[in-house]
Participant: 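Input: one structure, supplied below.
Just so it is clear, the values below take in all heavy atoms, side chains as well, and ignore hydrogens, waters and symmetry mates. Keep in mind it's a predicted model, so treat the numbers as computed, not measured.
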Amino acid sequence: MLSGSSRSNLGILLVFIGLLAACGDDKSPTGPTPPNPNVGPIGPPPGQPALTRLRVDGPSQLPPGESAQYTAIATFADGSSRDVTREAKWSTTNESVLAVTGQGLVTARSAGEATVHADFGNAGYLAQGRTVLAVPAGRFRFSVSVTEDQVTAPILNARVEVISEPGGLSGTTNWDGGVTLYGVPPDFQLRVTKDGYQPLVQSIHLTPQKCCAVWLQMVPTGERIDLRGRYQLTISSGTCTSGGGLPDAVKTRTYTARIWNAGLMAHVELRGADFAVEWCPICNETRGNGFMGQYQALDGRFTLIEYGPPEEDASYETRGVYPNVAERLPDGRLLSISGRAIVTPTAQGFSGTLDGSIAIYDSLSILNRAGRVLASCRSATHAFTLVR
């Protein structure tokens with residue numbers, strides 16, 4: 001039998017439970033809770049087979065200004081599939097080319113190419129995505145590769161333009177000598193120009209069965225640049241766009257450089273510092289105190305390959321990549337310089353910029369463990385000068 005005090009406490013408890021139940025049954029017209037845009041889509045409920053594949057279906061080509069519905073199909077471990085278009089989270093790799101709604105409706109905004117992605121159950125890595133070409137009907141995507149004559153050295157910043165129609169398409173070649181034009185007609189004239197080279201004009205005819213790339217070679221108008229010799233190489237840190245910055249003591253590095261050539265390839269060997277040289281199995285060469293480049297008509301280009309850490313359980317193929325430049329600092333840490341440099345002639349030698357990173361590591365190894373970055377500076381304007 002309950003005492004008076006116990007009966008009183010029980011009454012209070014029952015009233016409290018009743019209030020909680022009343023709160024849970026609130027029927028006031030507040031409407032559903034709006035979804036949190038920062039929360040990803042919810043996956044299959046507990047007990048449902050695991051998601052094994054997420055496929056995105058829809059047109060592979062879409063003219064600018066037009067729209068099409070894309071769908072996301074999920075496949076599960078038991079072999080079943082279902083349409084999860086309305087549950088997926090949609091995105092594109094280039095919103096200036098393709099826009100997509102939360103329901104998978106894609107609109108082509110401008111000529112170009114992008115990939116449509118759907119994420120369902122926070123497992124978007126399973127999706128293949130759908131690459132969509134946005135060009136007007138009857139037009140093509142056309143890729144151009146521009147190199148030096150008789151060799152495979154790509155030419156950077158060559159201007160490529162369609163000259164056979166008003167408002168013709170144009171672009172400039174990238175580091176690998178390539179550029180892609182979107183929306184070229186079946187028949188057109190292509191012009192390629194760059195200072196130091198003879199202009200090149202070629203007539204192009206395309207069909208759906210024969211398209212959509214060409215390899216063109218340019219001829220220098222005079223003698224090519226000659227980089228051979230001994231230099232003082234100075235690399236100075238530019239304004240950092242990422243990274244925590246560098247100590248003042250390493251913002252400028254000076255080395256002795258010897259450059260020689262094999263055809264149009266330039267080989268650079270560095271001295272004058274305590275370089276950490278190591279054999280790179282996947283590179284099949286020794287690295288740490290040198291890099292390579294190419295002669296161009298009026299300039300020279302160099303590639304300083306960056307450090308690639310080994311994977312956790314590294315096999316021969318995944319041991320990582322040792323950097324081209326690895327200098328051992330007095331305190332035992334390692335400095336690595338990487339990126340792409342372009343130099344042009346000056347009265348004293350050659351001057352240009354390095355687009356890349358200067359970074360300090362606690363170690364650099366492709367056989368044991370990955371080096372930890374202690375300080376770094378990423379910039380497109382590191383100064384890169386060669387003085388004879």
Participant: Looking only at side chains, do R224 and Q296 share a donor and an acceptor under 3.5 Å apart?
Facilitator: no
Participant: Counting only N and O atoms by type, is there a donor-acceptor contact under 3.5 Å from the side chain of R139 to the main-chain atoms of G183?
Facilitator: yes
Participant: May I ask you to check whether E327 and Y255 show a side-chain donor-acceptor distance below 3.5 Å?
Facilitator: yes
Participant: Would Y295 and E148 count as having a side-chain donor-acceptor pair, cut-off 3.5 Å?
Facilitator: no
Participant: Any carboxylate oxygen within less than 4.0 angstrom of a Lys/Arg side-chain nitrogen, looking at D362 and R372?
Facilitator: yes
Participant: With distance as the sole criterion, is a donor-acceptor pair present between the side chains of T101 and W90 under 3.5 Å?
Facilitator: no
Participant: Between R301 and W175, is NZ or CZ placed under 6.0 angstrom from the six-membered ring centre and within 45° of the ring axis?
Facilitator: yes
Participant: Verify the distance criterion only: is there a donor paired with an acceptor across the side chains of R388 and Y231 at less than 3.5 Å?
Facilitator: yes
Participant: With a 3.5 Å cut-off and no angle check, do the side chains of T131 and T115 form a donor-acceptor pair?
Facilitator: yes
Participant: Assess whether atom CG of D195 is packed by more than 12 heavy atoms of other residues, nucleotides or ligands within 6.0 Å.
Facilitator: no
Participant: Taking the side chain as everything from C-beta on, heavy atoms only, tell me whether L54 gets closer than 4.5 Å to V84.
Facilitator: yes
Participant: Does CD in E113 sit with more than 12 non-hydrogen atoms of other residues, nucleotides or ligands closer than 6.0 Å?
Facilitator: yes
Participant: Salt bridge check: are R328 and D274 linked by an N-O gap of less than 4.0 Å?
Facilitator: yes
Participant: Taking the six-membered ring for Trp, are the ring centroids of Y307 and Y322 within less than 6.0 Å of each other?
Facilitator: no
Participant: Just checking, is any N or O donor in the side chain of T85 or T71 under 3.5 Å from an acceptor N or O on the other one?
Facilitator: no
Participant: Can a donor-acceptor pair be found between the side chains of T353 and T381 at a distance below 3.5 Å?
Facilitator: no
Participant: Are the side chains of M218 and Q198 in contact, using a 4.5 Å heavy-atom criterion?
Facilitator: no
Participant: Before we go on, tell me: are the rings of Y182 and F142 under 6.0 Å apart, centre to centre?
Facilitator: no
Participant: Are I259 and F302 packed together at the side-chain level, in the sense that at least one heavy-atom pair is separated by less than 4.5 angstrom?
Facilitator: yes
Participant: Heavy atoms, side chains only, cut-off 4.5 Å: are S96 and N94 in contact?
Facilitator: yes
Participant: Work out which heavy atom in L334 is nearest to a heavy atom in A276; give both atom names and the distance.
Facilitator: CD2-CB, 3.6 Å
Participant: What's the spacing between R141 CZ and Q61 CD if we round to 0.5 Å?
Facilitator: 9.0 Å
Participant: Counting heavy atoms not belonging to Q69, are there more than 12 under 6.0 Å from its CD?
Facilitator: yes
Participant: Going through the distances and angles, do S81 and T75 end up as a side-chain hydrogen bond (donor to acceptor under 3.5 Å, both in side chains)?
Facilitator: CA-CA 4 Å; S81 299; T75 301; 3.2 Å; yes
